[in-house]
Protein chains: 2
Amino acid sequence: MPKGPTKRRPQTTARLLAAAQETFAERGFYGSSIEVICERAGLTRGAFYSNFRTKEELFFALFDLHAQRVVDRLSAAVDELDAAEDPVRAVLRRMSALDEAERRWYLLSTEFTLHAIRHPATARSLAEHDRRLREEIVRLLGRLFDRLGRRPTVDLDSLARLTTAVHEGSLAQSLVEPDRLAPEELAVTYLPLLVEAVSEPAATGRRTGS
Amino acid sequence: MPKGPTKRRPQTTARLLAAAQETFAERGFYGSSIEVICERAGLTRGAFYSNFRTKEELFFALFDLHAQRVVDRLSAAVDELDAAEDPVRAVLRRMSALDEAERRWYLLSTEFTLHAIRHPATARSLAEHDRRLREEIVRLLGRLFDRLGRRPTVDLDSLARLTTAVHEGSLAQSLVEPDRLAPEELAVTYLPLLVEAVSEPAATGRRTGS
DNA sequence: CGCATCGGATACGGGCCTGTATCCCATGCA
DNA sequence: TGCATGGGATACAGGCCCGTATCCGATGCG
């Protein structure tokens with residue numbers, strides 16, 4: 001039963017999120033003072049403390065938005081796989097199209113991960129968020145193997161971790177040397193080989209049907 | 001022809017490096033003010049500015065020390081490979097023993113990488129340091145394939161990049177969830193498979209000789 | 001033995017950021 | 001229409017850190 005105006009709220013929150021996104025990308029998590037974020041949003045620090053308790057809270061809000069986008073995109077990519085040539089490559093190509101937004105996100109999430117590692121309470125929150133995202137990836141991997149007509153011989157959660165590791169590790173390298181290593185080049189080169197190596201032909205006679 | 005005392009210098013530098021190492025590990029690169037580093041070294045900021053120009057310079061000094069240690073260790077591991085079971089695993093086991101020191105270094109170098117990505121001039125320096133280290137790794141990979149009696153079918157520099165990516169990406173995950181993912185677990189699981197996938201038996205009849 | 005010089009300590013001015021406490025206005029229901 | 005309440009702005013006090021300019025003592029050569 002709120003009496004006063006509660007309409008402007010979401011607007012303000014959205015503006016703060018957008019401003020945070022940009023500021024974080026440019027100056028990093030530590031480098032972004034709350035002050036500067038508010039400035040960019042055209043608001044004051046009062047507005048911030050009214051909507052969030054800490055900078056971390058702000059980050060997790062961004063995390064959820066991003067995870068949703070990633071899952072949607074991956075999911076769509078798998079959905080639209082026709083009897084194409086190489087499903088693994090097709091999905092990867094789809095992902096490497098993220099470019100600038102993904103670059104920004106990589107910078108932010110990695111720095112935040114380091115921050116979390118040094119702050120156990122934050123790490124627990126982060127692990128939970130990560131877990132939820134990985135769950136979705138496991139699901140997608142399952143569908144992918146299905147399409148390939150192969151059965152994985154390893155734990156899919158572990159494989160999801162590996163793909164994440166490769167993605168992030170190689171992204172780091174290509175960001176440091178943009179013209180020496182293309183993003184996803186490593187993934188495109190090695191993951192198809194690996195997918196083959198960790199799976200075996202599914203029982204013959206059965207196809208992809210339910 | 002320095003007249004005055006120049007003997008205390010290396011001592012002071014060493015103390016600053018040690019203090020920086022610890023402080024960086026605990027509070028990160030951005031989180032470590034020059035002031036605090038000096039404090040821990042039992043020196044004043046005057047001493048710092050007399051020995052280094054910036055915090056970055058301090059970092060690169062640490063980088064070189066660390067790279068040397070890594071190369072030495074890897075090199076020794078490959079040297080001592082007897083006709084053992086699985087050379088890849090043997091080397092990896094050797095590396096995962098780094099534990100705490102490696103953990104510290106991972107935290108520091110990753111944060112610094114992010115910093116570099118946002119500062120092109122710094123990125124160039126970092127890329128150069130990285131390159132030198134990777135050169136050594138390529139050399140070691142060469143020896144490893146030799147021992148396996150296999151010939152790589154991919155560019156070794158690219159493969160070196162991949163192993164680095166996996167190492168760092170998976171380390172990140174295991175640091176966030178220490179009891180859910182053991183360090184190097186991903187590498188131990190997948191790299192041997194991959195090594196196989198990216199090489200073919202060397203010309204028969206020839207062995208490991210020069 | 002004295003002095004030139006080097007290495008590190010001290011002192012200074014200034015900037016930025018945080019978190020809270022308080023205030024004001026706009027809103028929308030009674 | 002008036003008023004209770006919520007949302008955001010302002011003001012305040014304090015802390016940390018930077019980089020430089022200057023100073024002092026120790027050292028080892030001549």
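We name chains A, B, ... by the order of the sequence lines, and we start the count at 1 in each one.
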Angle class for the A/F60/A/F112 ring planes (parallel below 30°, perpendicular above 60°, tilted otherwise)? perpendicular
Looking at every non-hydrogen atom in both residues, tell me the closest pair between A/A160 and A/T164 and how far apart they are. O-OG1, 2.8 Å
Under 4.0 Å between any heavy atoms, over every strand shown, what does A/T44 touch: base, sugar-phosphate, or nothing? Just pick one. base
Just checking A/Y49: base, sugar-phosphate only, or nothing, at a heavy-atom cut-off of under 4.0 Å? base
Between P of C/dG19 and CG of A/L58, the distance in whole Å: 13 Å
Short side-chain N/O contact from A/S50 to OP1 or OP2 of D/dG6, under 4.0 Å: no
Whole-Å distance separating the CZ atom of B/F48 from the P atom of D/dA21: 17 Å
Considering non-hydrogen atoms only, spot the tightest contact between B/Y49 and B/I34 and give its length. OH-CD1, 3.6 Å
Distance-minimising heavy-atom pair for A/E35 and A/R45: CA-CD, 3.7 Å
With the side chain defined as heavy atoms from C-beta on, A/E35 is closest, among D/dG8, C/dC17, C/dG8, to C/dC17
Among C/dT18, D/dC18, D/dG7, which nucleotide has an atom closest to any side-chain atom of B/S33? D/dC18
Return no unless some side-chain N or O of A/N51 is found under 4.0 Å from OP1 or OP2 of D/dG7. no
Between B/F29 and B/K55, the two heavy atoms sitting closest are O-NZ, 2.7 Å
Here the distance between atom P of D/dG8 and atom CZ of A/F52, to the nearest Å, is 11 Å
Has B/R9 got a side-chain N or O lying under 4.0 Å from the OP1 or OP2 atom of C/dG7? yes
How long is the line joining CZ of B/R8 and C1' of D/dG28, in whole Å? 13 Å
B/Y30 OH - C/dC16 C1' separation (whole Å): 16 Å
Side chain of B/R45: nearest nucleotide among D/dT20, C/dC17, C/dG8? D/dT20
To the nearest angstrom, the CD1-P distance between B/I34 and C/dG15 comes to 19 Å
Starting at atom CG of A/L43, determine the distance to atom P of D/dA9, rounded to an integer number of angstrom. 5 Å
What is the distance, to the nearest angstrom, from the CD1 atom on B/I37 to the C1' atom on D/dC16? 15 Å
